There are 2 protein chains.
Amino acid sequence: MDESLPEGTTAAPQKGTVTQRAIDQIKAMIGEGRLEPGARLPTERDLASQLGISRSSMREAIRALTVLGVLEARHGSGIYVTQLEAGDLLETFGVVADLSRGPGLVELLEVRRILESTATALAAARITPDQLAEVEKHLTAMNATDDPEEILSHDLAFHRAIGVAAGNDTMAAILEGLSSRTFRARVWRGYQEEGAFERTRREHAAIHRALVARDPETARAAAAAHVGEVEQWLRTQLQP
Amino acid sequence: MDESLPEGTTAAPQKGTVTQRAIDQIKAMIGEGRLEPGARLPTERDLASQLGISRSSMREAIRALTVLGVLEARHGSGIYVTQLEAGDLLETFGVVADLSRGPGLVELLEVRRILESTATALAAARITPDQLAEVEKHLTAMNATDDPEEILSHDLAFHRAIGVAAGNDTMAAILEGLSSRTFRARVWRGYQEEGAFERTRREHAAIHRALVARDPETARAAAAAHVGEVEQWLRTQLQP
DNA sequence: ACCACTGAGGTGGTCCGACCACTACGCATG
DNA sequence: CATGCGTAGTGGTCGGACCACCTCAGTGGT
């Protein structure tokens, strides 16, 4: 595409659509620090006139930045810049997991295996007593019920707690997206029908033991095996 | 054929905004397979009347799904579903890298270190002669010039070629986002001013040697060290 | 002096209708 | 048969109108 990025910060020649230009300009304002996280933007009407476009086009631009987690519109109040933290910006990652299929699912699970194993290893080294208690809470709750829906909830919370304990919010947010509810539900529907409940419980117990022992390498192996089990099963499902 | 959503997890008769509902409905259509990748959607006007909303609101919904890489609007032709591949859906990942700052940058680089090292290890085991030639091409081109802009280009292409050789398109797409042009340019501006050119060249050479030797473990270590160097430098920059 | 209520103004949310810019495809033309 | 052109249909843009909601100053009571 076009290359030159001179000093002209707001230099926006006749690019693509008017709306796309507005998106880039607002994004640039934030990138250059002219709009701090949490700041309130001018009204839609003012923004539109400032950039010389109609309110309709400006609204499309705002909507685009809203779904990306960059802006937040509060009805009756105004438009605000989000905190631009990992959780805000990576929320869209869930869409990828929800709409991927076929080979893409396996690749996604492979990425999760890599990140989850590392995150679990980090957690083993850094986890605090409070965080460990949180992990244990979901572990026992998971083992105390037979309702698949509830198991899934605590399963997600179990791994989420570990992700938080790893101390890298960005990684935790990515893992959160890779483990979105619909994604897991879709994959597990068939997997757990093959009596994988018990195996899952054993694997979770192994991860927990490694965390208690503060043994990063064992934790890494246990987490990799845990995700790898599902990954391998899914791989066979795509080989009819 | 629409209206009431039968039993469901989020049984909410009247959700949020009309536009958000339209976004969810279109997303659901794709998720349920009612819209195949590459398929053409009805016109904006038809879609709007089908869902009982105005064309303006429908356009906002379409715009939202467009920036997410789910839909693609072609002026004068129609609206189409993308191929829903990794590259389409993960394009938004670059926005995260562009707008993150402070501690988030280090976390992002940590994620990249984990994924890049694994990808490089996989590449060492799987890379083909053609792919290896591609890697070498950018390596030599990178060493043959002093233009920072050109070096950056070949640097990106160098790692991109390795990511492709790893055989996981999803991981390659994520790494592509984590290494977006503006992201790298921002971080390297200061880094390379401290005479890190030579060190970067040595690290790239080490990665290349490991690929030629088809030694995954050495490749993993070399890649981790390479990214880790930048990561550590950036970490010190945030401790004033 | 304090607090609860109320009203008006401002904001985002939705809708409508018109026109423009571009593409696609069939028809007339050579 | 190949070429060119015109038309119908599509997304893109615009302006205005009205609605739903939040905010806060002003009011009235205690």
Side-chain angles (χ1 to χ4, degrees), chain A residues 1 12-27 29-30 35-83 88 91, chain B residues 2-3 12-27 29-30 35-83 88:
Chain A
M1 303 235 184
Q14 296 289 347
K15 283 187 194 171
T17 70
V18 175
T19 302
Q20 188 58 48
R21 223 181 314 167
I23 294 176
D24 294 337
Q25 292 195 30
I26 296 179
K27 214 160 50 177
M29 288 186 201
I30 298 175
L35 286 175
E36 293 295 322
R40 183 178 181 282
L41 276 68
T43 71
E44 294 179 343
R45 295 164 174 85
D46 288 347
L47 270 177
S49 69
Q50 281 181 27
L51 300 187
I53 66 178
S54 72
R55 195 189 159 202
S56 311
S57 302
M58 177 54 69
R59 275 191 59 79
E60 284 190 32
I62 293 172
R63 170 70 62 179
L65 292 171
T66 294
V67 300
L68 291 179
V70 176
L71 298 183
E72 178 189 357
R74 299 179 204 162
H75 191 171
S77 175
I79 308 168
Y80 302 82
V81 182
T82 67
Q83 292 307 116
D88 302 318
E91 212 164 303
Chain B
D2 47 75
E3 302 299 57
Q14 290 182 344
K15 296 180 197 169
T17 70
V18 174
T19 302
Q20 187 60 47
R21 222 181 314 169
I23 294 176
D24 293 337
Q25 292 195 31
I26 296 179
K27 214 160 52 178
M29 288 187 202
I30 299 174
L35 285 175
E36 293 295 322
R40 182 178 182 280
L41 276 69
T43 71
E44 293 179 343
R45 297 165 175 85
D46 289 347
L47 270 177
S49 68
Q50 281 181 27
L51 300 186
I53 66 177
S54 72
R55 195 188 160 204
S56 311
S57 301
M58 178 54 69
R59 275 189 59 78
E60 285 190 32
I62 293 172
R63 170 70 62 178
L65 292 171
T66 295
V67 299
L68 291 180
V70 176
L71 297 182
E72 179 189 356
R74 300 179 205 162
H75 191 172
S77 175
I79 308 169
Y80 302 81
V81 182
T82 67
Q83 292 306 118
D88 301 318

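Each chain gets a letter, A, B and so on, in the order the sequences are listed, and its residues count up from 1. In this text the structure is predicted, and so the values were computed from the model without any measurement. Computation of the quantities below employed the complete heavy-atom set of this structure, encompassing side-chain atoms and omitting hydrogens, waters and symmetry-equivalent molecules.
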Quiz item: Rounded to whole angstroms, how far apart are CD1 on A:I62 and P on C:dG12?
Solution: 7 Å
Self-check item: Qualifying residues under side-chain contact (heavy atoms from CB on, under 4.5 Å), relative to A:T43, sequence neighbours excluded
Solution: A:R45, A:D46
Exercise. Taking the side chain as every heavy atom from C-beta outward, state whether A:T82 and A:L71 have any atom pair closer than 4.5 Å.
Key: no
Quiz prompt | Sequence-distant partners of B:S49, side-chain contact (heavy atoms from CB on, under 4.5 Å), two or more places apart | solution = none
Quiz prompt | Protein proximity profile, nucleotides 13-21 of chain D - base contact B, sugar-phosphate-only contact S, no contact -, cut-off 4.0 Å on heavy atoms | solution = BBB-BB-BB
Report all side-chain donor-acceptor pairs from residues 54-65 of chain B shorter than 3.5 Å, counting only partners two or more places apart or in another chain.
residue	atom	partner	partner atom	Å
B:S54	OG	B:S57	N	3.3
B:S54	OG	B:S57	OG	3.3
B:R55	NE	B:E44	OE1	3.0
B:R55	NH2	B:E44	OE1	2.9
B:R59	NE	A:E60	OE2	2.8
B:R59	NH1	B:E44	OE1	3.4
B:R59	NH1	B:E44	OE2	2.7
B:R59	NH2	A:E60	OE1	3.4
B:R59	NH2	A:E60	OE2	3.1
B:E60	OE1	A:R59	NH2	3.4
B:E60	OE1	A:R63	NE	3.1
B:E60	OE1	A:R63	NH2	3.3
B:E60	OE2	A:R59	NE	2.8
B:E60	OE2	A:R59	NH2	3.2
B:R63	NE	A:E60	OE1	3.1
B:R63	NH2	A:E60	OE1	3.4

Quiz item: Looking at residues at least two apart in the chain, or sitting in another chain, which of them share a salt bridge (Lys or Arg N to Asp or Glu O under 4.0 Å) with B:E72?
Solution: B:R74
Exercise. Measure across A:I79 and A:P42 and return the closest heavy-atom pair with its distance rounded to 0.1 Å.
Key: CD1-O, 4.4 Å
Quiz prompt | Rounded interatomic separation in angstrom, taking CD from B:E72 and C1' from D:dG12 | solution = 16 Å
Quiz prompt | Separation of atom CZ in A:R21 from atom P in D:dG12, rounded to whole Å | solution = 14 Å
Quiz prompt | Between C1' of D:dG9 and CD1 of B:I79, the distance in whole Å | solution = 13 Å
Practice problem: To the nearest Å, give me how far apart CZ (B:R74) and C1' (D:dG12) are. | Solution: 17 Å
Exercise. Take atom CZ of A:R40 and atom C1' of C:dG12, then tell me their distance rounded to the nearest Å.
Key: 10 Å
Quiz item: Roughly how many Å is it from CG in B:L65 to P in D:dG11, rounded to a whole number?
Solution: 14 Å
